[in-house]
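What follows is a short report on a single structure.
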Amino acid sequence: QVQLQESGPGPVKPSQTLSLTCTVSGGSITTNYYYWSWIRQPPGKGLEWMGAIAYSGSTRYSPSLKSRTSISRDTSKNQFTLQLSSVTPEDTAVYYCARDRGLISGAPYDYWGQGTQVTVSS
């Protein structure tokens with residue numbers, strides 16, 4: 001049973017950098033052929049894919065967030081992290097980490113973290 005858990009501060013001030021860590025248990029983040037993703041959901045809106053780091057360590061980002069987003073990993077701790085710089089109130093959302101099976105059809109995400117609320121406010 002794979003489990004993911006997000007951790008990090010909730011309130012963030014405008015212009016600061018948001019930093020979240022996802023800790024994975026029950027499976028290795030280097031296992032072929034999974035992708036470890038960050039997804040967010042602003043209030044009243046749908047899910048937005050932010051980016052992912054693959055089992056190989058390669059990264060991909062949403063074009064709208066690429067300039068502000070960085071995803072990295074620590075394989076010794078079985079963790080991957082999200083950094084989102086220059087945050088504004090529009091970045092307020094519930095942030096999730098999830099495992100992506102890389103499927104073309106069907107549900108791609110088989111395991112999700114519980115989600116963590118991030119509020120950007122002065």
Side-chain angles (χ1 to χ4, degrees):
Q1 177 79 12
V2 175
Q3 293 181 305
L4 296 82
Q5 185 171 359
E6 303 91 344
S7 63
V12 185
K13 297 178 180 178
S15 81
Q16 292 185 333
T17 296
L18 180 161
S19 183
L20 295 172
T21 297
C22 185
T23 301
V24 179
S25 62
S28 173
I29 60 173
T30 64
T31 296
N32 298 350
Y33 298 98
Y34 296 108
Y35 303 80
W36 304 90
S37 306
W38 287 101
I39 302 149
R40 69 179 183 179
Q41 185 169 34
K45 299 182 179 180
L47 297 169
E48 179 185 20
W49 179 78
M50 302 182 69
I53 187 163
Y55 60 95
S56 63
S58 64
T59 54
R60 295 290 185 274
Y61 303 103
S62 169
S64 64
L65 297 170
K66 183 177 180 180
S67 65
R68 299 193 292 130
T69 306
S70 179
I71 298 172
S72 58
R73 68 180 185 175
D74 185 337
T75 58
S76 69
K77 297 180 180 180
N78 214 36
Q79 295 177 331
F80 63 105
T81 62
L82 169 72
Q83 292 190 80
L84 182 67
S85 65
S86 303
V87 299
T88 72
E90 285 68 46
D91 293 311
T92 295
V94 177
Y95 286 73
Y96 299 92
C97 56
R99 188 174 79 168
D100 185 348
R101 296 181 291 174
L103 301 177
I104 297 173
S105 62
Y109 305 107
D110 56 353
Y111 293 98
W112 293 72
Q114 78 282 4
T116 187
Q117 174 70 46
V118 175
T119 301
V120 181
S121 176
S122 60

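Atoms considered below: every heavy atom in the structure, side chains included; atoms not considered: hydrogens, waters and symmetry mates.
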Check for me, please, whether [X] and [Y] land in the same ILVMFWY cluster - side-chain distances under 4.5 Å, paths through other members count.
X: Trp112; Y: Met50; answer: no
X: Trp49; Y: Leu65; answer: no
X: Leu4; Y: Tyr109; answer: no

- Between Arg68 and Leu84, is there a donor-acceptor pair closer than 3.5 Å when you use the side chain of the first and the backbone of the second?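 Checked: no pair found.
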Which donor-acceptor pairs under 3.5 Å do side chains of residues 35-48 form with protein atoms, sequence neighbours excluded?
from	atom 1	to	atom 2	distance (Å)
Trp36	NE1	Ile29	O	3.1
Arg40	NE	Glu48	OE1	2.8
Arg40	NH1	Asp91	OD1	2.9
Arg40	NH1	Tyr95	OH	3.0
Arg40	NH2	Glu48	OE1	3.2
Gln41	NE2	Lys45	O	3.0

- If every non-hydrogen atom of Pro108 is compared with every non-hydrogen atom of Asp100, which pair is closest and at what distance?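 What the structure gives for the nearest pair is CB-OD1, 3.3 Å.
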- Message: Looking at every heavy atom in both Ser28 and Thr30, which two are closest together, and how far apart are they?
- Response: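 So the two residues come closest at OG-OG1, 2.8 Å.
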- Not counting sequence neighbours, which residues clear salt bridge (Lys or Arg N to Asp or Glu O under 4.0 Å) with Asp110? List them please.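 Arg99.
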Side chains of residues 11-24: which donor-acceptor pairs under 3.5 Å do they make with residues two or more places apart or in other chains?
from	atom 1	to	atom 2	distance (Å)
Gln16	OE1	Lys13	N	3.1
Thr23	OG1	Gln79	NE2	3.0

- Test item: Tyr34 and Arg101 side chains (from C-beta on) under 4.5 Å apart, heavy atoms: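 Yes, at least one pair of side-chain atoms sits under 4.5 Å.
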- Separation between CD of Gln114 and CD of Glu6, rounded to the nearest 0.5 Å: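 Going from CD on Gln114 over to CD on Glu6, the span is 4.5 Å.
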- Query: What pairs with Glu90 under side chain to side chain contact (heavy atoms under 4.5 Å, CB included), at least two apart in sequence or on another chain?
  - Reply: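 Glu90 satisfies side chain to side chain contact (heavy atoms under 4.5 Å, CB included) with Thr88 only.
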- Query: Partners of Thr119 by side chain to side chain contact (heavy atoms under 4.5 Å, CB included), sequence neighbours excluded?
  - Reply: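 Thr119 satisfies side chain to side chain contact (heavy atoms under 4.5 Å, CB included) with Thr92, Gln117, Ser121 once adjacent residues are dropped.
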Pair up each side-chain donor or acceptor in residues 54-62 with any protein partner under 3.5 Å, not counting sequence neighbours, and list the distances.
from	atom 1	to	atom 2	distance (Å)
Ser56	OG	Ser58	OG	3.3
Tyr61	OH	Ile71	N	2.9
Ser62	OG	Ser64	OG	3.1

